[in-house]
Each structure stands twice: as structure tokens, then as C-alpha cells.
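In this text the structure is predicted, and so the values were computed from the model without any measurement. Numbering of residues begins at 1 and proceeds along the displayed sequence.
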Amino acid sequence: MAKSVANKLGKGLAPQQFIDGMTKNREQFLDWQNRFEWTSDDDREFFESLSNRDDIRCLILAADWCGDVVRNIPVVFRVLENSGIPVEVLIMEENLDTMDQFLTMGGRSIPVVIFADTGGFVLGTWGPRPKHVQEVMVRFKQENPDRNAPDYEEKLKAARSELIARYGEGTGYQAFIVKELRELLETF
């Protein structure tokens, strides 16, 4: 069934409103945003060229308490800031109806970056993290389906450590987000 976010267009927060309203992790969020640099002029020009289009909208399901939001959404904001694509943030807890349309392996994982047309028809999504980082959680969930298993929390902690390691210390992971968003946007 085709997904629609028509009822949410125009109801979210502008990126700056989201940042201004953050009560947690704001400094880290701004740090990742300020450290973003284009690694390719070709990518920068691709995103700037989208300003010729007026048929794409972007909604982002997010919350300031989420580490993946804090790492990834600053990149999304920077990549889209000169694209001409209107970007709105939907706070997950206030938009569970929408969140539940975009589950990741059955769970509420954020961020979810949703691209839609002007009528709200969903064209594609990205998130909650770059593919090479997300592989860790996919494998964890496949290998640990029983949340009540005695060693579940221990294994989850190990998976989270691997996630952090895959993100790495610096901003290298940001290039993967740029690449994945570009590949998605090139399909519509």
C-alpha cells in the first residue's frame, strides 16, 4: 500500500525551530553540523541543483534524546539547506501515527527522513543510520529475536559499542549519508 504523509505536510518544525527547541544534546548536534564539509563538489552541486525542482518535500521523524538523530540529522540539514527542498521535523512522540508507518524491523527507530511529493505521496525514506552502521543492528536483531533472553541486554550493549565504532571518531561517516541521500534522490 502506498504511504502518504499528506496530513503532516506543513505541520512540522523548521530545522532551526527544532534546534532552538532542543533540551538535550544541542551542543553535540551543533558540533556535528558545524563540522560538516562537502567531500565532493559534484555532490554539493547535485544537491544545489535540486532547487530547480519544487515537487519534493522532506519530513524528518526525530527527537533530541536520540544519539542517531544527533549524529545524522545535522548532516541531513546541511545537505538539504541549499537544495530548495522544504524540510520539516516531526517530533516522534507527538507523531506516533506517522512513526508507526515507518518502522525499522518492527521497531520505532529514528531518525527517519521521508521524501514525499507535494501531495504527500512517499517517494522514499532514509534512516535511521548509514547502511554500514545499520548492518550491526540488522545482524543483532536477526541473531537475538528473544528480548527476554538472559544475555539479550549484554549482547545489545556489545552491538551498541560496535555501532559507535562504525560511526568512528570523526566526520567520515557523514560522506556515507551524503552518498545514500543522493542515491535515493536520484531515483525520483
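- At a threshold of 4.0 Å, the pair Lys179-Glu183 counts as salt-bridged, since one of the basic side-chain nitrogens sits closer than that to a carboxylate oxygen.
- A heavy-atom distance below 4.5 Å is found between the side chains of Phe102 and Val5.
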Test Lys155 against Glu143 for salt bridge (Lys or Arg N to Asp or Glu O under 4.0 Å), laying out the working first.
CA-CA 10 Å; Lys155 288 180 177 177; Glu143 294 173 359; over 6 Å; no
Please step through side chain to side chain contact (heavy atoms under 4.5 Å, CB included) for the pair Val89 and Phe77, ending with a clear verdict.
CA-CA 10 Å; Val89 179; Phe77 282 177; 3.7 Å; yes
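- Between Asp41 and Arg44 a salt bridge is recorded (basic side-chain N to carboxylate O distance below 4.0 Å).
- Across all non-hydrogen atoms, the minimal contact from Ser49 to Phe46 is OG-O, 2.6 Å.
- Side-chain contact between Leu185 and Ile56 is present, with at least one heavy-atom pair separated by less than 4.5 Å.
- Residues Pro111 and Asn72 share a closest heavy-atom pair of CG-CB, 4.3 Å.
- Between Phe121 and Phe188, the ring centre distance reaches or exceeds 6.0 Å.
- Contact detail for Pro130 and Glu180: the closest heavy-atom pair is CA-OE1, 3.5 Å.
- Taking CG of Leu181 as the reference point, atom CZ of Phe176 lies at 13.5 Å (rounded to 0.5 Å).
- Atom CD1 of Ile60 and atom CD1 of Ile91 lie 10.5 Å apart (nearest 0.5 Å).
- Annotation: side chain of Lys8 is not in contact with side chain of Arg57 (no heavy-atom distance under 4.5 Å).
- Taking every heavy atom of both residues into account, Thr39 and Ala175 meet most closely at OG1-CB, 4.1 Å.
- Here the closest heavy-atom approach between residue Asp64 and residue Phe18 is recorded as N-CZ, 4.2 Å.
- Annotation for Arg35: atom CZ counts as buried by contact number, over 12 foreign heavy atoms lying within 6.0 Å.
- At least one side-chain heavy atom of Val79 sits less than 4.5 Å from a side-chain heavy atom of Trp38.
- Note on Leu59 and Leu103: separate hydrophobic clusters, where clusters join Ile, Leu, Val, Met, Phe, Trp and Tyr whose side-chain heavy atoms are under 4.5 Å apart, directly or indirectly.
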Run the side chain to side chain contact (heavy atoms under 4.5 Å, CB included) check on Ile177 and Arg71 step by step: do they pass?
CA-CA 10 Å; Ile177 298 172; Arg71 275 206 177 226; over 6 Å; no
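- For residues 80-91, the side-chain hydrogen bond (donor to acceptor under 3.5 Å, both in side chains) pairs, not counting sequence neighbours, are Arg78-Glu81.
- For CD of Glu93, the number of neighbouring non-hydrogen atoms (other residues, nucleotides, ligands) closer than 6.0 Å is greater than 12.
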Does the side chain to side chain contact (heavy atoms under 4.5 Å, CB included) test come out yes or no for Met99 and Ile110, once each step is laid out?
CA-CA 9 Å; Met99 180 73 248; Ile110 52 176; 3.6 Å; yes
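- Taken from CZ in Phe115 to CD1 in Ile85, the straight-line distance is 5.5 Å, to the nearest 0.5 Å.
- Put simply, Ile164 and Phe140 are part of two different groups of oily side chains (I, L, V, M, F, W, Y) that touch within less than 4.5 Å, one to the next.
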I'd like to know whether Lys157 forms a salt bridge (Lys or Arg N to Asp or Glu O under 4.0 Å) with Glu153, so could you lay out the CA-CA distance, the side-chain angles of the two residues, the decisive distance to 0.1 Å, and finally the verdict.
CA-CA 6 Å; Lys157 190 175 175 185; Glu153 287 302 319; over 6 Å; no
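- The number of heavy atoms from other shown groups lying within 6.0 Å of CD (Glu169) does not exceed 12.
- At distances below 3.5 Å, not a single donor-acceptor pair connects side-chain atoms of Asn144 with backbone N or O atoms of Tyr152.
- Other residues, nucleotides and ligands contribute more than 12 heavy atoms inside 6.0 Å of the CD atom of Glu45.
- The CG atom of Asp55 lies 7.5 Å from the CG atom of Leu123; values are rounded to the nearest 0.5 Å.
- Summarising the local packing, CD of Glu27 is surrounded by 12 or fewer heavy atoms from other residues, nucleotides or ligands at distances under 6.0 Å.
- Within the structure, side-chain hydrogen bond (donor to acceptor under 3.5 Å, both in side chains) contacts touching residues 101-118 (residues at least two apart or in different chains) are Asp100-Arg108.
- Taking 4.0 Å as the cut-off between side-chain N and carboxylate O, Arg166 and Glu162 count as a salt-bridged pair.
- In terms of heavy atoms, Phe29 sits closest to Val70 at N-CG1, 3.7 Å.
- Residue Asp68 holds its CG atom at 9.0 Å from CE of Met137, rounded to the nearest 0.5 Å.
- Between Gln33 and Ile19 there is a side-chain heavy-atom pair separated by less than 4.5 Å.
- Between Tyr167 and Tyr173, the ring-plane angle classifies as perpendicular under the 30° and 60° cut-offs.
- The backbone N or O of Asp43 lies less than 3.5 Å from a partner atom in the side chain of Ser40, making a donor-acceptor pair.
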Before you tell me yes or no, could you show the steps for Val113 and Leu184 under side chain to side chain contact (heavy atoms under 4.5 Å, CB included), namely the whole-Å CA-CA distance, both residues' side-chain angles and the distance that decides it to 0.1 Å?
CA-CA 11 Å; Val113 179; Leu184 177 61; over 6 Å; no
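- Atom-to-atom distance recorded for Lys3:NZ and Thr98:OG1 is 11.0 Å, nearest 0.5 angstrom.
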